[in-house]
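Okay, structure first, notes after.
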2 protein chains.
Amino acid sequence: MNQKKILVIEDEKTISDIVKFNLTKEGYIVDTAFDGEEGLQKTYSMNPDLILLDIMLPKLDGFQVCKKIRESLNTPVIMLTAKEEEVDKVLGLELGADDYITKPFGMRELIARVKANMRRIDLSNQHESTNGKILDFGILTIDLNRYEVKKHDTVIELTLREFELLKYLAEQESQVFSREQLLEEVWGYEYYGDIRTVDVTVRRLREKIEDNSSEPQYIMTKRGIGYYFRRP
Amino acid sequence: MNQKKILVIEDEKTISDIVKFNLTKEGYIVDTAFDGEEGLQKTYSMNPDLILLDIMLPKLDGFQVCKKIRESLNTPVIMLTAKEEEVDKVLGLELGADDYITKPFGMRELIARVKANMRRIDLSNQHESTNGKILDFGILTIDLNRYEVKKHDTVIELTLREFELLKYLAEQESQVFSREQLLEEVWGYEYYGDIRTVDVTVRRLREKIEDNSSEPQYIMTKRGIGYYFRRP
DNA sequence: TATTCAATTCATAATATGTTTAAAAAGAAG
DNA sequence: CTTCTTTTTAAACATATTATGAATTGAATA
């Protein structure tokens, strides 16, 4: 699993440290910034998956930072408000924040909120990719809702990787992709594995969906380049 | 899927802007009105699918606007209440508002409520009598009125969570849902717990409704993705 | 306030899946 | 036809995900 990155923008080092310690323990990669400017800077350089943002900050306060961020990104922002009164401001000025926690907060609560917001990202990412369609290639159909492939109306059991590879290729029929591209698109961007992994997955996919995996009808090899899907 | 239209009636431009920004980002078409009269006017001209309505408004306040709307339309209305006290009024007066959010609210919550209300319309449009239904899967039946599950005509005692999870999955047979989706849909958008909670609930559900919970017939696992219900 | 039951969290076992490796086969090029 | 390169294949190995049992928390009830 690729680790999620969190940026903590908070001037009190004591708080910052504790938060960092606890979130790191949970498996997140955590970086910290101690004023608004540094916060913005690091936001752009590290491109975090989530931002914890204090309101009272030197140089640029939390409201301004949040607003700036929102101009270009929609990374989830959780505001840390010191007083109940500030909650009103969070409402008035900074609704662009996704969530907020009032200080003092327990680590348990913080972690729960962070996780919940991370989940939400995952969710919205899912929706983009799975737009409930059925790809129909005659004998072969790929049901993106059921994560199911059928051949002659018989369900073929594919593993997730196999399914996603097939889906990716089939969605862009007869386009040839290099192994590098496939690793990037199907396996995920920061994947650093052996390139032959693709071959093996292709082979297993062929065994399952082709009549004769030595003479593929669907998943074709373009020697020296890569693989592509074609309608038989 | 055609885009849904939302009308935001709110006099504070800051709030209005941020709400619009976020809902647009979610794929809705958003228009705004800054006082009660304009709100009514736009309601009739654009015929939105949902209305977000502030209570404190110039010219006509939110209560009056809502009442007016209800005279001719039953477009879902979500009220935005600044204070807890107003909640009583929203509920007490028979305004016909469908939902309300107390300020300050996070964007996450707002979006979730909007989606939930949109979903409700979709559902009630699909099958008018969404109530009074019994899902029948042969040996297994799910009585949505009585909150009762029967197997071979014997009542199976399920807890509320278990029932709602089963209901959700069974209503959308063979559609695969991620744990994130299930937490959001079954547990609710304000849930801050662990994702593995889903697994455990599934397990207990299986123990109750399956013959052999290690070889489930109804509630199936799609490894790497989530769970789905199938007719055995 | 004690008691009960549902719900959640946590730790670990079981299992499915994915990756690597290396050898065999196939294809291209001289 | 021989050599070199690329792809296929099989099997061992490593990793990730899910299932499970037990402990803990929390809410409702008496």
Under-4.0 Å salt bridge between Asp199(B) and Arg179(B): yes
Salt-bridge criterion met for Asp99(B) and Arg113(B) (N-O under 4.0 Å): yes
Salt bridge Glu26(A)-Lys115(A), side-chain N to carboxylate O under 4.0 Å: yes
Spacing between Glu215(B) atom CD and dT18(D) atom P, to the nearest angstrom: 19 Å
Residue whose closest nucleotide on DNA chain C lies nearer the 5' end, Tyr192(B) versus Ile195(A): Tyr192(B)
Spacing of Glu109(A) atom CD relative to dG26(D) atom P, expressed in whole Å: 13 Å
Set of residues satisfying salt bridge (charged side-chain N to carboxylate O under 4.0 Å, His left out) with respect to Asp98(B), sequence neighbours excluded: Arg70(B), Arg120(B)
Leu160(A) or Lys115(A), whichever maps to the more 5' nucleotide of DNA chain C: Lys115(A)
Salt bridge flag under 4.0 Å for residues Asp122(A) and Arg119(A): no
Hey, what are the protein-to-nucleotides 6-13 of chain D N/O distances that come in under 3.5 Å?
unit_1	atom_1	unit_2	atom_2	d
dT6(D)	O4'	Arg223(A)	NH2	3.2
dT7(D)	OP1	Gly224(A)	N	2.9
dT7(D)	OP2	Arg179(A)	NH1	3.4
dT7(D)	OP2	Arg179(A)	NH2	3.3
dT7(D)	O5'	Arg179(A)	NH2	3.4
dT8(D)	OP1	Arg206(A)	NH1	2.7
dT8(D)	OP1	Thr221(A)	OG1	2.6
dT8(D)	OP2	Tyr227(A)	OH	2.5
dA10(D)	N7	Arg203(A)	NH1	2.9

Note: Lys150(B)-Asp143(B) ion pair, threshold 4.0 Å (strictly below): no
Salt bridge flag under 4.0 Å for residues Arg206(B) and Asp211(B): no
Salt-bridge contact Lys208(A)-Glu162(A) (side-chain N to carboxylate O under 4.0 Å): yes
For chain B, the stretch of DNA chain C it reaches, first to last nucleotide, under 4.0 Å of its heavy atoms: dA6(C) to dT17(C)
